[in-house]
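Shown next, in structure tokens, is the structure this report addresses.
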Amino acid sequence: HALMIVFLISTLVLYIIVAMVSTKLTNKYILDSQEIEIIWTVLPAIILILIALPSLRILYLMDEINNPLLTIKAVGHQWYWSYEYTDYEDLGFDAYMIPTQNLVPGQFRLLEADHRMVIPVESPIRVLVSADDVLHSWAVPALGIKMDAVPGRLNQTAFIASRPGVFY
């Protein structure tokens, strides 16, 4: 919808430019008119607002998840992450990176943790991300999510795992 509006505006502007360059006729009312200047200033602003408002509404609706099956709180620390399954009492753990000398063949260096976060498949999951000390980034590229962990701020993201597996 927005592309068609931009296409029509671009076609009109191109037509006006070609007409002004190719013709020798000039009109003194076009060259010195306050009304035309107001119209071509206000009209694009109104069109941009009409394009932006529905887009902002959709953007905010996509970001909100109403009924998540599970809520997980991830807190970034200097060298590890703490996870809490907030829907259950006393269900939380710390995930430390496995040192290189302790890796088993087939495990990935700097990606393996001693405790993995387990989630259900094809269910809406909400993750609350924060940090304890410095800025961190909680990301799982295979699931298409990335959220910054900022001390003193609670950020929210949501995802659905479409298939079982180990995602880094």
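- Considering every non-hydrogen atom in both Ile160 and Glu122, the closest pair reads CG2-CA, 3.7 Å.
- At a threshold of 4.5 Å between non-hydrogen side-chain atoms, the residues Tyr83 and Val75 do not count as touching.
- In this structure, Arg109 and Leu103 have side chains that are in contact, with non-hydrogen atoms separated by less than 4.5 Å.
- The shortest distance between side-chain heavy atoms of Leu135 and Val150 falls below 4.5 Å.
- Residues that satisfy the side-chain contact (heavy atoms from CB on, under 4.5 Å) test with Ile39, not counting sequence neighbours, are absent from this structure.
- In the hydrophobic clustering of ILVMFWY residues, with side-chain heavy atoms under 4.5 Å counting as a link, Met4 and Ile9 come out apart.
- Of the candidates Val42, Val6, Ile5, Leu8, Ile47 forms a side chain to side chain contact (heavy atoms under 4.5 Å, CB included) with just one, namely Ile5.
- Contact check for Val127 versus Gln156: no side-chain heavy atoms found under the 4.5 Å cut-off.
- In terms of modelled atom types and a separation under 3.5 Å, the side chain of Thr23 and the main chain of Ala19 share no donor-acceptor contact.
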Run the side-chain contact (heavy atoms from CB on, under 4.5 Å) check on Phe108 and Tyr168 step by step: do they pass?
CA-CA 9 Å; Phe108 295 109; Tyr168 295 98; 3.6 Å; yes
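- Interatomic distance, CG of Leu110 versus OG1 of Thr100, reported as 6.0 Å (0.5 Å rounding).
- The CD1 atom of Ile16 sits 11.0 Å away from the OG1 atom of Thr11 when rounded to the nearest 0.5 Å.
- Judged by distance alone, the side chain of His136 and the main-chain N or O of His77 form a donor-acceptor pair under 3.5 Å.
- Residues Phe93 and Tyr88 share a hydrophobic cluster, clusters being chains of Ile/Leu/Val/Met/Phe/Trp/Tyr side chains in contact below 4.5 Å.
- Placement of Leu143 and Val129 within a single hydrophobic cluster is found when ILVMFWY residues are connected by side-chain heavy-atom separations under 4.5 Å, directly or transitively.
- No chain of hydrophobic side-chain contacts below 4.5 Å, direct or via other Ile, Leu, Val, Met, Phe, Trp or Tyr residues, connects Leu128 to Phe159.
- The minimum heavy-atom distance between His115 and Asp94, with the atom names listed, is ND1-O, 3.3 Å.
- Looking at Leu70 and Asp87, their side chains come closer than 4.5 Å, going by heavy atoms from C-beta outward.
- Listed for the Asp132 side chain is no donor-acceptor partner under 3.5 Å among the backbone atoms of Gly76.
- In this structure, Arg116 does not pair ionically with Asp114, as no charged nitrogen and carboxylate oxygen lie closer than 4.0 Å.
- Side-chain contact between Val118 and Tyr85 is present, with heavy atoms from C-beta onward closer than 4.5 Å.
- Taking hydrophobic clusters as Ile, Leu, Val, Met, Phe, Trp and Tyr residues chained together by side-chain heavy-atom distances below 4.5 Å, Ile72 shares a cluster with Phe167.
- Interatomic distance, OG of Ser22 versus CD1 of Ile17, reported as 11.5 Å (0.5 Å rounding).
- Neither side chain, Ser130 nor Lys73, offers a donor N or O lying under 3.5 Å from an acceptor on the other.
- The shortest side-chain heavy-atom distance between Ile98 and Gln107 falls under the 4.5 Å cut-off.
- Among all heavy-atom pairs drawn from Ile145 and Ala158, the shortest one is CG2-O, 3.9 Å.
- Using bins of under 30°, 30° to 60° and over 60° for the plane-to-plane angle, the ring pair Trp81/Trp138 lands in the perpendicular bin.
- A heavy-atom distance below 4.5 Å is found between the side chains of Leu69 and Pro120.
- Rounding to the nearest 0.5 angstrom, the gap separating the CG atom in Asn67 from the CZ atom in Arg126 is 9.0 Å.
- Atom-to-atom distance recorded for Tyr60:OH and Leu56:CG is 6.5 Å, nearest 0.5 angstrom.
- Within a 6.0 Å sphere centred on CD of Glu89, other residues, nucleotides and ligands contribute 12 heavy atoms or fewer.
- Note that the OH atom of Tyr80 and the CE atom of Met97 stand 13.5 Å from one another [nearest 0.5 Å].
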